[in-house]
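Note on naming: letters A, B, ... go to the chains in the order of the sequence lines (proteins, then strands), and numbering restarts at 1 for each one.
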Protein chains: 2
Amino acid sequence: MGEALRTEAVEDYLKAIYLLESAGRAASTAALAAHLEVSAPSVTGMLKKLASLKLVRHVPYRGVSLTMAGRKIALEVIRHHRLLERYLAEALGYPWEKVHAEAERLEHHISEEFEDRIAAWLGHPVTDPHGDPIPDKDGTLPRQTGLRLTEAGAGEAVVIERVAAQDAGQLNYLGSLGLRPEAAVTFLGQAPYDGPVHVRVGTTEHHVGVNLARQIFVRRVASPKGAAA
Amino acid sequence: MGEALRTEAVEDYLKAIYLLESAGRAASTAALAAHLEVSAPSVTGMLKKLASLKLVRHVPYRGVSLTMAGRKIALEVIRHHRLLERYLAEALGYPWEKVHAEAERLEHHISEEFEDRIAAWLGHPVTDPHGDPIPDKDGTLPRQTGLRLTEAGAGEAVVIERVAAQDAGQLNYLGSLGLRPEAAVTFLGQAPYDGPVHVRVGTTEHHVGVNLARQIFVRRVASPKGAAA
DNA sequence: ATTCCGATTTAGCCGAACCTAAAGATGGGC
DNA sequence: GCCCATCTTTAGGTTCGGCTAAATCGGAAT
C-alpha cells in the first residue's frame, strides 16, 4: 500500500498542482477545477484525500501545496508526458500542436521500461517540443533561464527557449511562422498600447499579437557571430 | 451516446469474449471470470450491461456471443494490441515475451491517429510478434491456416506460423531455441506416451515438452529448395 | 465595523465496476 | 427419474470519483 493509490485521477491532480505552483499561481480549488474540468466540490474532496495520503498539505480555504512525496509523483508524470511528446514528434512525426493531447492520454499508462526505452531512443533529451524541461529520473529539472520575448530589448537577437501556448491552433500558427524552440529571432519592438510585437525570423518580419508573444520565452544570445560593435 | 460507453472494462470484456469464441471455447461466465480475473457475479453483471447495450447476446445460464457491434469493438481493441506488440518489438527493441504486458496497458488509450501512424511506420503488418493476425481497419482478419507442430508428419519440414503460449517464461525459452514465427524447422517426431517433441532448428536438435509444443502452429512448406526426392 | 460577494466546503447523491453470501438452474451419474 | 455437484445469477454492499444544492468562510469595499 502506498503505490496502490496512484490512480489516474490522483496523478492528474498532483500534476495540475505542480504546474500551477511552478507557474507561480496559487493552487486554489477554483484554479484546479478549471484546469481539470471538474466541479469545485470534486476538487475539495480529492484534496482531502490527497492530504490524508500525505501527498499535499491542505489548509482549508487556503489552497494546497505539494509535499515531497506528492512532488515526486507529479514529476514522474510530467517526465512521462514530456518524454512522450518528444517521442511522438521525433519517432512518429507528430506535429507539435498534436503531441500534447496524445501524451496526455498515454502518460499514466506507460511502464518504467517504456519510459526508459524511449528516453534512450531519444538520447535522454532535456526538453520537450515546446521547450519545457524534462525532469530527470531522480526528479531534478534543468533550470529555465528565459525571459519573455516582450521583455527583450528592441533590436535584440535572441533564441526561442520555450513556447508556453497550449492551444493547438496557436501552436500551429506559431510553428508556421518558424517561432519554435531553438529558432534564432530578432525582437524588433512592439507597437504602442499593447499593439502587436514585431519579430524577424530569418529574413522575414512577422507581427504577433501581444498575448501570444508573451507566451514565447527566449534567452539572450551571446553574439550571432561577429555582430557585436 | 453510443461511444461514451466504451470504457476500459467494456473493451476488456468484449476482447475476452472474442478471444474465447475464436479459440472455439464457449464464452461462459466462468471462463470470462478466469480470463479477466474477476468474480463470476461481476461477469454476470457486466454481461447484462453489455446485452443492454446490444454488444452481446446473453442467454442466462448459457453464455454470451458477440453481436456485430460488439465484434467490431473487440477487433478494434485487438488491432491496437497486436499493432502495439509489433511496434514495441520493432521500434523499441522489446523482447517478444514482454510485448504483451505493455500492449495490454496501452491498447485502450491510443488514438486513431497513433494507430495509423504506427501501422504506417511498420508498413501495415499482418501479424504480431507471436504470429497472431492483426485485424484490418475494417475488421477483416487474415485467415490462419496452420496446424499444430505435433500434427505434422515425422521428418516434415515446416515453418512456424504462430506461437500461442502466453507465459513470458515459456516465450523466452522458445525464443532462445529459435522457435519463433517464420523460423524454418523440421519436426522429427515425438517420444511415446506424450513424451517430448523432437525438432530440428538449423543444425541443432531440441526436445520440447508436449504441452509447449502444442502451442506452436506451423504451415507446411512446399520444398526447401531442392530438398525433394 | 459591517456588509456582501465570490470562493470554498459540507451534505447528500449517482453510476461504474467490483466484491461476498446466498439462492437457483443445469445436467451428468445412478 | 432423481440427486447432487457445479455453474450462474440474485441480493446486498463497497469504493472511487464525479455531481448539485446549500451552507459557510474571508476579504474587499464601504
Intermediate values then yes/no, side-chain hydrogen bond (donor to acceptor under 3.5 Å, both in side chains), A/H124 and A/D136: CA-CA 9 Å; A/H124 303 283; A/D136 215 320; over 6 Å; no
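- At whole-Å resolution of the value, CG in A/L32 and C1' in C/dT9 are 15 Å apart.
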Contact pattern, 5' to 3', of nucleotides 1-18 of chain D - B, S or - by protein heavy atom under 4.0 Å: -------BBB------SS
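- Cation-pi check for A/R117 over B/Y94 is met; the charged atom lies under 6.0 angstrom from the ring centroid and within 45 degrees of its normal.
- Judged purely by atom type and a 3.5 angstrom limit, A/R86 uses its side chain to pair as donor or acceptor with the backbone of A/T127.
- One finds no salt bridge joining B/R79 and B/D128 here, because no Lys/Arg side-chain nitrogen approaches an Asp/Glu carboxylate oxygen to under 4.0 Å.
- No option in A/E76, A/H108, A/H100 other than A/H100 meets the side-chain hydrogen bond (donor to acceptor under 3.5 Å, both in side chains) test with A/H81.
- Here C/dC18 presents its P atom at 11 Å from CG of B/L50, a figure rounded to the nearest Å.
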